[in-house]
Amino acid sequence: MGTLWNVPGEVTSVADRIVASLVPRVPELQSVSTIPLPELSALPGDTSMLYGMGTVDASGRVAERAVVQSLSWKQGDRLQLHVVENIVVLRAAPLGQTAIVSGPYVAIPAAVRVRLGIRAGDRVLLAAAPSYQVLLVLTSAVLDVVLVSFWQRQ
């Protein structure tokens, strides 16, 4: 596999794309203060979302205590699950097809894990919107796309 530094113009991996967007080539690097940084002040500064990383176990359970607890879901609460653009969307629903299991864990059904390529030991981002009672589960593949897309626009 070619690397960003050895082959001009060749980008071969997600890491290459992210690094290419953030880190100038070695000859261009003069000092830390000359690296142009994107303007991030346009991002909302509120605390309406809570984020954490969790590890998927062999049965599809994921735990990130602070994030799951922010939703005030209790063991046995039913959750409706949808997959939107490769993101798992969970929300409280009396007739939901999955439930909060002891822990607090959320369980991702096997069919969804297979569809999204989620394996035991994978780390996923849990993003909670407590005021909406919604939990998003994003895989590293989704995070790669988000990061590459963001930094390539800069």
Side-chain angles (χ1 to χ4, degrees), residues 1 3-4 11-24 29 32-33 35-154:
M1 168 157 69
T3 66
L4 175 68
V11 178
T12 58
S13 71
V14 171
D16 286 343
R17 292 177 188 167
I18 293 169
V19 171
S21 298
L22 296 174
V23 180
L29 186 60
V32 174
S33 63
I35 296 175
L37 297 176
E39 179 60 47
L40 297 179
S41 62
L43 297 176
D46 65 36
T47 57
S48 61
M49 295 293 294
L50 186 64
Y51 302 97
M53 297 294 290
T55 302
V56 180
D57 74 8
S59 62
R61 294 178 301 176
V62 183
E64 204 304 320
R65 188 168 301 280
V67 173
V68 176
Q69 287 180 339
S70 76
L71 297 162
S72 301
W73 295 344
K74 305 289 184 240
Q75 183 175 345
D77 285 353
R78 304 300 299 174
L79 304 174
Q80 183 68 42
L81 183 148
H82 297 281
V83 177
V84 179
E85 303 274 336
N86 293 324
I87 298 171
V88 178
V89 180
L90 296 159
R91 65 180 177 86
L95 300 177
Q97 68 268 44
T98 190
I100 295 293
V101 291
S102 64
Y105 294 99
V106 292
I108 303 170
V112 174
R113 293 192 316 270
V114 169
R115 175 178 167 188
L116 299 179
I118 299 172
R119 297 180 307 263
D122 284 356
R123 302 274 295 160
V124 293
L125 175 69
L126 299 179
S131 62
Y132 291 94
Q133 290 292 291
V134 170
L135 179 69
L136 308 176
V137 181
L138 295 88
T139 65
S140 59
V142 170
L143 296 174
D144 288 342
V145 169
V146 168
L147 286 171
V148 168
S149 174
F150 177 80
W151 290 111
Q152 284 184 338
R153 287 191 318 252
Q154 300 304 313

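We number each residue from 1, following the sequence as shown. All values below come from the heavy atoms of this structure, side chains included, with hydrogens, waters and symmetry mates left out.
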Only distances under 3.5 Å count here; give the side-chain donor-acceptor pairs of residues 109-121 to other protein atoms, sequence neighbours excluded, each with its distance to 0.1 Å.
unit_1: Arg113; atom_1: NH1; unit_2: Ser59; atom_2: O; d: 3.4
unit_1: Arg113; atom_1: NH1; unit_2: Ile108; atom_2: O; d: 2.5

Output a table of donor-acceptor pairs, distance under 3.5 Å, between side-chain atoms of residues 124-131 and any protein atom two or more places apart or on a different chain; print 'none' if there are none.
none

- What residue pairs, at least two apart or across chains, pass side chain to side chain donor-acceptor pair (under 3.5 Å) with a residue in residues 74-91? Gln80-Gln97
- Could you state the interatomic distance from OG (Ser70) to CG (Leu135), rounded to the nearest 0.5 Å? 8.0 Å
- Query: Hey, mind stepping through Ile100 and Val106 against side chain to side chain contact (heavy atoms under 4.5 Å, CB included) and telling me if it holds?
  - Reply: CA-CA 5 Å; Ile100 295 293; Val106 292; 3.6 Å; yes
- Spacing of Leu71 atom CG and Leu90 atom CG [to the nearest 0.5 Å]: 9.5 Å
- Note on the structure: Those residues at least two apart in sequence (or on a different chain) that pass side-chain hydrogen bond (donor to acceptor under 3.5 Å, both in side chains) with Gln69 are none
- Hey, does the side chain of Ser149 reach the backbone of Val146 with a donor-acceptor pair shorter than 3.5 angstrom? no
- Task: Under the side chain to side chain contact (heavy atoms under 4.5 Å, CB included) rule, collect the residues that match up with Arg123, sequence neighbours excluded.
- Result: Met53, Thr55
- Query: Which residue pairs pass the salt bridge (charged side-chain N to carboxylate O under 4.0 Å, His left out) test when at least one of the two sits in residues 61-73, sequence neighbours left out?
  - Reply: Asp57-Arg61
